[in-house]
Amino acid sequence: PVVRHMVLHYPRDPVAQTLQTQFMLGSELLVAPVLQAGERTKKVYLPAGNWTHLWSDQTDKSQEARWVTVAAPPGSPAVFYPENSRVGSHLRKTLINQAKIELFN
């Protein structure tokens, strides 16, 4: 399936088995949507490894799994991709190019 529970990609991670408010979109995008009205930040569980935040392009580097809190204003849900992900970096470039086009129209 395109939308996947975290445990499908991280079966040995005990926290991944319990997550109910975030998911994988394909194999390279970790999505944690805002579910509460008015919420502007999102607490996200990142499995071990280096993860890049889609909107800020900041990479959180760690060999350990961890919880992070990121800005998640309307229209910018918490989305991460593994460092060096071709899918993630292509999506980021596409979003930036789309924003530039909209600015000029």
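Heavy-atom basis, side chains included; hydrogens, waters and symmetry copies ignored. If you read the sequence from its start, that first residue is 1, and numbering goes on from there.
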Closest heavy-atom pair, Ala78 versus Ala72, reported as atoms and distance to 0.1 Å, is N-CB, 4.3 Å
Can Leu35 be reached from Val79 by stepping across I, L, V, M, F, W or Y side chains whose heavy atoms are under 4.5 Å apart? no
Report yes or no: do Thr41 and Thr69 form a side-chain donor-acceptor pair below 3.5 Å? no
Side chain to side chain donor-acceptor pair (under 3.5 Å) filter on Ser89, not counting sequence neighbours, yields none
Can you name the nearest heavy-atom pair linking Phe23 to Pro33, along with the distance? CE2-CD, 3.9 Å
Indicate if Leu25 and Trp55 have the same hydrophobic cluster label, given that clusters are the connected sets of ILVMFWY residues with side-chain heavy-atom separations under 4.5 angstrom. yes
Taking His53 for the side chain and Ser56 for the main chain, is one N or O donor matched with an acceptor at less than 3.5 Å? yes
Report yes or no: does Thr59 contribute a side-chain atom to a donor-acceptor pair with the main-chain N or O of Lys61 at less than 3.5 Å? no
I'd like to know if the side chain of Asp57 reaches the main chain of Thr52, judged simply by a donor and an acceptor atom lying under 3.5 Å from each other, with no hydrogens or angles considered. no
Could you walk me through whether Leu54 and Leu95 satisfy the side chain to side chain contact (heavy atoms under 4.5 Å, CB included) test, starting with their C-alpha distance in whole Å, then the side-chain angles of each, then the deciding distance to 0.1 Å, before giving a yes or no? CA-CA 9 Å; Leu54 178 68; Leu95 291 170; 3.7 Å; yes
Trace of the side chain to side chain contact (heavy atoms under 4.5 Å, CB included) decision for Asp60 with Arg66: CA-CA 10 Å; Asp60 188 289; Arg66 67 274 186 205; 2.7 Å; yes
Residue pairs fulfilling side-chain hydrogen bond (donor to acceptor under 3.5 Å, both in side chains) with at least one residue in residues 17-27, sequence neighbours excluded: none
Hydrogens and angles aside, do Ser85 and Glu28 bring a side-chain donor and acceptor to less than 3.5 Å of each other? yes
Could you list who else is in Met6's hydrophobic cluster, with ILVMFWY side chains joined at under 4.5 Å, directly or through other members? Tyr10, Val15, Leu19, Met24, Leu30, Val44, Tyr45, Leu46, Trp51, Trp67, Val68, Val70, Phe80
